[in-house]
Trainee: 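Below you'll find the structure I mean.
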Protein chains: 2
Amino acid sequence: MLPPHLVSPRTLQRLPLYVSYLHSLPKDALYISSTEIAAQLGLHPVQVRKDLAAVGAQGRPRLGFEVQTLLRLLTTYLNGGTQHSAVLVGMGHLGRALAAHLGFAHYGFTIQAVFDNDQNLVGSRLAGYEVQKMENLVPLCQTLKPAVGIITVPAEEAQGVCDLLVQAGVRVIWNFAPTHLAVPKDVTVQDEDIAASLALITKQILGQQPSLVPISRKEESVRDGIL
Amino acid sequence: MLPPHLVSPRTLQRLPLYVSYLHSLPKDALYISSTEIAAQLGLHPVQVRKDLAAVGAQGRPRLGFEVQTLLRLLTTYLNGGTQHSAVLVGMGHLGRALAAHLGFAHYGFTIQAVFDNDQNLVGSRLAGYEVQKMENLVPLCQTLKPAVGIITVPAEEAQGVCDLLVQAGVRVIWNFAPTHLAVPKDVTVQDEDIAASLALITKQILGQQPSLVPISRKEESVRDGIL
DNA sequence: GGAATAACGATATTTAATTATCGATATATT
DNA sequence: AATATATCGATAATTAAATATCGTTATTCC
Ligand SMILES: NC(=O)c1ccc[n+]([C@@H]2O[C@H](COP(=O)([O-])OP(=O)(O)OC[C@H]3O[C@@H](n4cnc5c(N)ncnc54)[C@H](O)[C@@H]3O)[C@@H](O)[C@H]2O)c1
Ligand SMILES: NC(=O)c1ccc[n+]([C@@H]2O[C@H](COP(=O)([O-])OP(=O)(O)OC[C@H]3O[C@@H](n4cnc5c(N)ncnc54)[C@H](O)[C@@H]3O)[C@@H](O)[C@H]2O)c1
């Protein structure tokens, strides 16, 4: 129940997986065991227990973990109990998809404003947002104080847009452009690198490159039995 | 120069980063050192050398690595010298963005056909593709033999679509839906989990959660000096 | 009520990945 | 030509992550 001190990045990335799995459970399920979670998600049971322990969950021998309590612990841990605001720059194909994506609200994020430098787009309504001109970025951010800046412009433009966001006081950048961004050390950049994923996929096609989430021997048979 | 035996997943995911960095270099740059690459990308120089050694690169003391040779080694390693084909299911917001995305060709991937179950979309042209009806999926895949199936349908529909793709002989699934897919053990699923990214971002906003690509002490000052 | 057992939670081990150290090398400088 | 030095490449040390082991617990079944 105590607030966890430090959760490893790998564990942190698996937590949403548990959330979506718990949501998929029948309404009347009271308890779920780490064994069952692990079997369904292709993970190791010990890993699941360690992950859940990291957010302060505690289970009962022979029964497992209380589903609703677990869900509450995970979701409050993940969004920290607060809603976060974001702005998005680059309302092209990807920007529109992200802006239209309702999944964000569910994870505690709200896109407050969207920007583009294309005069044909500025002023129009896309995915429910009025596209702002770039000149408005710094002043608007100074009032909205968004926690995150989402970059979905072509790679060549990304650094410039990033500099603007930093200048506007944004401390966390979510970068979808396939390029590395230089930022001051108090700003963090998270790259959403599709090329990195493609690299893994290519190797999976070619040889038997070990997958990023290896499946333990025991679980393989379980998963195989599903289909 | 010898073909590398086994490249770790983490290294594999960093290789495209080097490619894009090398492309950003001035045309007349003959050599680049691991020190310089590391400083620019916020990595550790030893890590860069190990990564490059993994694809068979060898450098020269005092000079570094030959840029063009390095690029050739990396790109041929990454796409294995061959072009890979894919089909995409779910031509909604995200599906269209991916289908329209020209970056894939650059990494050796070609989307050959796209599918949707919305009767209003089937038959129409989107992002240069004629949207196919779902009934065509299995027969078309049997002739096209795509290496990868891309899933961009809502989470509730993903398992059904996945089963169809597997039935059609697809062995590698690239899943953008926020749900875990059960597959036979000769099929691999790669999840593109946006929720996992959001989990990291939230922690970066809240406290000082260690970032996924930690920056070593020495590099911080260098990066700081850029802006 | 008592034995059998499924699952937890703590600790230990193993494996993977990153970072440090250092001798060797070839270039630039004097 | 000799020397200083930046960088490589190999090996070693460290750190992080995953997995194994096992005693404890509380439920279920008899
Ligand atoms: N489409 C995808 O599926 C996909 C996937 C992964 C990554 N990406 C990357 O995301 C980025 C966007 O991709 P896309 O397909 O949406 O491209 P796009 O061309 O459809 O959209 C880019 C948008 O950015 C705007 N823009 C350009 N320069 C700008 C600037 N300086 N300031 C503000 N706005 C600017 C353009 O007007 C356009 O609306 C690219 O870097 C791409 O590589 C795209
Ligand atoms: N939009 C984003 O930025 C984004 C980001 C990350 C993940 N995702 C995920 O990607 C998926 C698609 O997102 P989206 O925003 O494009 O949604 P969307 O509703 O715009 O598109 C979904 C498409 O799938 C089609 N579809 C539904 N059921 C189908 C079926 N059984 N067979 C074939 N086609 C079917 C629909 O007709 C629709 O065209 C979702 O799972 C979403 O959570 C979206």
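Note on naming: letters A, B, ... go to the chains in the order of the sequence lines (proteins, then strands), and numbering restarts at 1 for each one. Below, each value reflects all heavy atoms present in this structure, side chains not excepted, and no hydrogens, waters or symmetry copies. All figures in this text were calculated on a predicted structure; none of them were measured in a lab.
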Trainee: A:R60 side chain: which of C:dA17, D:dT27, D:dC8 is closest?
Mentor: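 From the listed options, D:dT27 comes nearest.
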Trainee: If you check every side-chain atom of B:V46, which of D:dT7, D:dT21, C:dT21 has the closest atom?
Mentor: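 That would be C:dT21.
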Trainee: Give me, pair by pair, the N or O atoms of the protein and of nucleotides 28-30 of chain C that are less than 3.5 Å apart, along with how far apart they are.
Mentor:
none

Trainee: What is the separation between atom CG on A:L52 and atom C1' on C:dA7, rounded to the nearest whole Å?
Mentor: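 It is 13 Å, rounded to the nearest whole Å.
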Trainee: With sequence neighbours excluded, what pairs up with A:T202 under the side-chain hydrogen bond (donor to acceptor under 3.5 Å, both in side chains) test?
Mentor: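 By the side-chain hydrogen bond (donor to acceptor under 3.5 Å, both in side chains) rule, A:T202 matches no residue at all.
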Trainee: Once you round it to whole Å, what is the distance between C1' of C:dA16 and CG of B:L6?
Mentor: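 From B:L6 CG to C:dA16 C1': 12 Å.
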Trainee: Which label fits A:F104 and A:H101: parallel for a plane angle under 30°, tilted from 30 to 60°, or perpendicular past 60°?
Mentor: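 Perpendicular: the ring planes of A:F104 and A:H101 meet at over 60°.
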Trainee: Rounded to whole Å, please give me the gap between CD in A:Q13 and P in D:dA17.
Mentor: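 My rounded result for the distance is 10 Å.
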Trainee: What nucleotide, of C:dT18, D:dT19, C:dA20, holds the atom closest to the side chain of B:R10?
Mentor: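 In terms of side-chain proximity for B:R10, the closest of C:dT18, D:dT19, C:dA20 is C:dT18.
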Trainee: The criterion is side-chain hydrogen bond (donor to acceptor under 3.5 Å, both in side chains); which residues satisfy it with B:S197, sequence neighbours excluded?
Mentor: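 Testing B:S197 for side-chain hydrogen bond (donor to acceptor under 3.5 Å, both in side chains), a comparison that skips the adjacent residues, returns A:E192.
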Trainee: Please list, one pair per line, the donor and acceptor atoms closer than 3.5 Å that link side chains of residues 47-57 of chain A to other protein atoms, with sequence neighbours excluded.
Mentor:
from: A:R49; atom 1: NH1; to: A:S34; atom 2: OG; distance (Å): 3.0
from: A:D51; atom 1: OD1; to: A:T11; atom 2: OG1; distance (Å): 2.9
from: A:D51; atom 1: OD1; to: A:R14; atom 2: NH2; distance (Å): 3.2
from: A:D51; atom 1: OD2; to: A:R14; atom 2: NE; distance (Å): 2.7
from: A:D51; atom 1: OD2; to: A:R14; atom 2: NH2; distance (Å): 3.4
from: A:D51; atom 1: OD2; to: A:Y18; atom 2: OH; distance (Å): 2.6

Trainee: Can a side chain N or O of A:S33 be found less than 4.0 Å away from OP1 or OP2 on C:dC8?
Mentor: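 No, no such contact exists.
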Trainee: For D:dA18, does OP1 or OP2 lie under 4.0 Å from any side-chain N or O of A:R14?
Mentor: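 For D:dA18, OP1/OP2 do have a side-chain N/O of A:R14 under 4.0 Å.
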Trainee: What is the distance, to the nearest angstrom, from the CG atom on B:L43 to the C1' atom on C:dT18?
Mentor: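 Going from CG in B:L43 over to C1' in C:dT18 covers 11 Å.
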Trainee: Go through the structure and list residues passing side-chain hydrogen bond (donor to acceptor under 3.5 Å, both in side chains) with B:Q68, not counting sequence neighbours.
Mentor: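 In terms of side-chain hydrogen bond (donor to acceptor under 3.5 Å, both in side chains), with neighbours along the sequence ignored, B:Q68 is linked to no residue.
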Trainee: Closest to the A:Q47 side chain: D:dA18, D:dC8, C:dT19?
Mentor: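 Looking only at heavy atoms from C-beta outward on A:Q47, the closest nucleotide is D:dA18.
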Trainee: Please output the side-chain donor-acceptor pairs of residues 22-29 of chain A that fall under 3.5 Å, not counting sequence neighbours, one pair per line with the distance.
Mentor:
from: A:H23; atom 1: ND1; to: A:V19; atom 2: O; distance (Å): 3.3
from: A:S24; atom 1: OG; to: A:Y21; atom 2: O; distance (Å): 2.6

Trainee: Mind calculating the distance between CZ (B:F65) and P (D:dA6) to the nearest angstrom?
Mentor: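 Distance check: B:F65 CZ to D:dA6 P gives 17 Å.
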Trainee: Have a look at A:T11 and say if it touches a base, only the backbone sugar-phosphate, or nothing, with a 4.0 Å heavy-atom cut-off.
Mentor: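 Touches nothing.
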